[in-house]
Amino acid sequence: MYDINLKSLTKSFGELQAVNDITFSIPKSSVTVLLGPSGCGKTTLMRMIAGLDTPTSGNIFFNDTDVTRVPTKRRNLGMVFQSPVIYKGTSVKHNLELPLLSEKLSSSEIAKRVNDVADLLGISGDLNKMVEELDNGTRQKIAVGRAVARQPQIILFDEPITNIDITAKLELKRSLKEVFSRLSQTIVYVTHDQTEAMTLADQIALMQDGVITQCAPPKEIYEKPNNQFAGWFLGNPGMNFIDEEHINLSGTEITSSLFIQTIEAGAKVSKVKTLGVRAEAINVSSKQTPNSREARVIRKSLGIGGQYLLDLEYGSLKVKARVTHQVGRDVGESVWTVIDSNNIIMFDENSVAI
Ligand code: ATP
């Protein structure tokens, strides 16, 4: 399989630098998700990897081969777009066969690949149906099948779940997860949806304003964001940030209105401008415990998986805490919280983790 190496890759549209000097490697046989808000340059980056856009400057290598000027059809890749590319007025089976006919494969090889891919996607029972009979999610599975059946070295996905209706979305995401675990191709997947990225990625490349700000496995980027943007963008809710007004820096230690224990930050302490804490890192109790800090519950909501999200107030500081149990306190009442100092991230004046 191919790994993909981008060297100083830039794409400008007039004054706008949609992709700004990216040097980055995508390991072979991995699932790399390009994640970021609308307009950050994800699709432009993917289109250059696909050969659909020419870089303004920089180079793209598949393994050691420079493919920057190689046309799409000679890049040995498959693509799946937001709207499924399928042929209406014909069967699922024929849709899966079509891209293989131009590959000059034997009819037995074509039949094998069609059956294998249908099996992989769980659509074997739909092979003889007309595509018009299928929901949007199953149509997108056919588009995935068409890309996979050709057995390219790289498969690119551009927001394949975005246009799928809500009921089919979950099933398609589950199916893609299964497909990705069984494929050995190098997969690049674009999305603005962080839960999709957390579910599907081996590594998330987080983009902002045309650059990749962090690339790491989902758990690592979630737990150790290397800037405030990553802390905010990943997670639902995003990371809590505690600004200078609510922290005291003295000597080598930090104290805060959010916690009683001190964080030993050593020499780094003078650089600290903001602290970051994940909602689930705040341990909440209905009773006072050693080293706990009192907070008032200002909002309480039931989250996914039976978890509760509490909006807490410590004087003028407000944070969100996630608890897996019913704390037994209502809005307006007090709770006591403790934070393990290992779960606190420090950021400097440029919002970079230190
Ligand atoms: P979205 O999820 O909304 O598609 P994105 O992260 O994929 O966002 P891009 O589509 O890559 O972002 O766009 C990056 C920037 O480049 C945006 O400001 C967009 O308006 C601009 N842009 C993209 N394509 C063109 C084009 N062909 N001509 C001019 N500007 C473009």
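Just so it is clear, the structure is predicted and the values come from calculations on it, not from any experiment. Order of listing sets the numbers, starting from 1, for every ligand and every atom in it. Every heavy atom of this structure was used, including side-chain atoms; hydrogens, water molecules and symmetry mates were not.
The heavy-atom pair separating Thr90 from Tyr87 by the smallest distance is CG2-O, 3.1 Å.
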Between the protein and ligand 1, which nitrogen or oxygen pairs come in under 3.5 Å, and how far apart is each?
from	atom 1	to	atom 2	distance (Å)
ligand 1	2 (O)	Lys42	NZ	3.3
ligand 1	3 (O)	Ser38	OG	2.6
ligand 1	6 (O)	Gly39	N	3.4
ligand 1	6 (O)	Cys40	N	3.0
ligand 1	6 (O)	Gly41	N	3.0
ligand 1	6 (O)	Lys42	N	3.1
ligand 1	6 (O)	Lys42	NZ	2.9
ligand 1	7 (O)	Thr43	N	2.9
ligand 1	7 (O)	Thr43	OG1	2.8
ligand 1	8 (O)	Gly39	N	2.7
ligand 1	11 (O)	Thr44	N	2.9
ligand 1	11 (O)	Thr44	OG1	2.5
ligand 1	12 (O)	Gly41	N	3.3

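Listed by chain and number, the residues in a side chain to side chain donor-acceptor pair (under 3.5 Å) with His246 are Asp243, Ser316 (sequence neighbours excluded).
Using a distance-only test at 3.5 Å, with no hydrogens or angles considered, no donor-acceptor pair links the side chain of Glu97 to the main chain of Ala111.
Under the salt bridge (charged side-chain N to carboxylate O under 4.0 Å, His left out) criterion, the residue pairs touching residues 253-273 are Glu244-Lys273, with sequence neighbours excluded.
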Just distance, no hydrogens or angles: give the donor-acceptor pairs under 3.5 Å from side chains in residues 206-214, sequence neighbours left out.
from	atom 1	to	atom 2	distance (Å)
Thr213	OG1	Leu206	O	3.3
Gln214	OE1	Asn226	N	2.8
Gln214	NE2	Lys224	O	3.1

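A salt bridge is defined here as a Lys NZ or Arg NE, NH1 or NH2 lying under 4.0 Å from an Asp or Glu carboxylate O, and Glu178 with Arg174 fails to meet this definition.
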